[in-house]
Amino acid sequence: MVKLHDLEFEPYISEDEIMKVIDGISEILNSDFGDKKPVFLGVLNGSFMFASEIIKRFKGDCEVSFVKMGSYEGTETTGNVKTLLGLNQELKGRQVVLLEDIVDTGNTLVEIDQILKQSQVEDYKVVTLFYKPDAYKKDIPVHYKGMEIPNEFIVGFGLDYDGLGRNLTQVYKRK
Ligand code: 5GP
Ligand code: MG
């Protein structure tokens, strides 16, 4: 059990399980993008740990970039996605692999979809470590889903509760 601010969280997904899922995704990415010199585009802050594990396992040439988006306050989405740090790299004509920690309502994806289309990327694919099928309400395809989870608030492995918990090496859910 861990306590972050006022809330208690219990162990939910072990580090072992997370690494197995990441190994599986990486195998597919190596086979689909190995010779395509992709740009891995991580969505900060939550995806930094996932992005690092994916990028370490990628065997071809690749570039790495990040954007920073924010929508959550505490344990609730505000539905209002802000671009806190935009693209600082030319992506025109590139193959982009978007790395998300978790896809929930999909509001963030819609925002990033617009950014990537404006940048005239050749193509982009969405990779997410966690996916909440019951919360996702958008049409943008999520190509690679690590693990589907019910509508619960999780922390750890990059995911925070009001800034805390990102350093936890496994995932916890609200008690
Ligand atoms: P969406 O825009 O799809 O609703 O939400 C995406 C973002 O909301 C994620 O990148 C993540 O930062 C945050 N988020 C969604 N669900 C959770 C959750 O269960 N726990 C935490 N800590 N953040 C979440
Ligand atoms: Mg967050």
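For ligands, and for the atoms within them, numbers begin at 1 and follow the listed sequence.
Screening F48, F33, F58 for a ring-ring contact (aromatic ring centres under 6.0 Å, His included) with F40, the sole residue that qualifies is F58.
When heavy-atom distances to ligand 1 are checked against a 4.0 Å cut-off, E152 comes that close only through its backbone atoms N, CA, C and O. The side chain of D101, and not its backbone, has at least one atom closer than 4.0 Å to an atom of ligand 1 (non-hydrogen atoms only; side chain from C-beta on).
Distances from ligand 1 to the non-hydrogen atoms of Y161 include no value under 4.0 Å. At least one heavy atom of I154 sits closer than 4.0 Å to an atom of ligand 1. Close to ligand 1: K132, with a non-hydrogen atom less than 4.0 angstrom away.
In this structure the side chain of N88 reaches within 4.5 angstrom of the side chain of S65, judged on heavy atoms. At least one side-chain heavy atom of K173 sits under 4.5 Å from a side-chain heavy atom of E10.
With respect to the salt-bridge test (charged N to carboxylate O, under 4.0 angstrom), the residues E17 and K20 do not qualify.
For atom 3 (O) of ligand 1, the nearest non-hydrogen atom from the set A135, G165, G106, G156 belongs to G106. Comparing heavy-atom distances from atom 6 (C) of ligand 1 across T108, N45, N151 singles out T108 as nearest. The option with the heavy atom closest to atom 22 (N) of ligand 1, from among T105, D160, L164, is D160.
One finds the CD1 atom of I13 at 7.5 Å from the CG atom of L129 (value rounded to the nearest 0.5 Å). Distance check: Q95 CD to D32 CG gives 10.0 Å after rounding to the nearest 0.5 Å.
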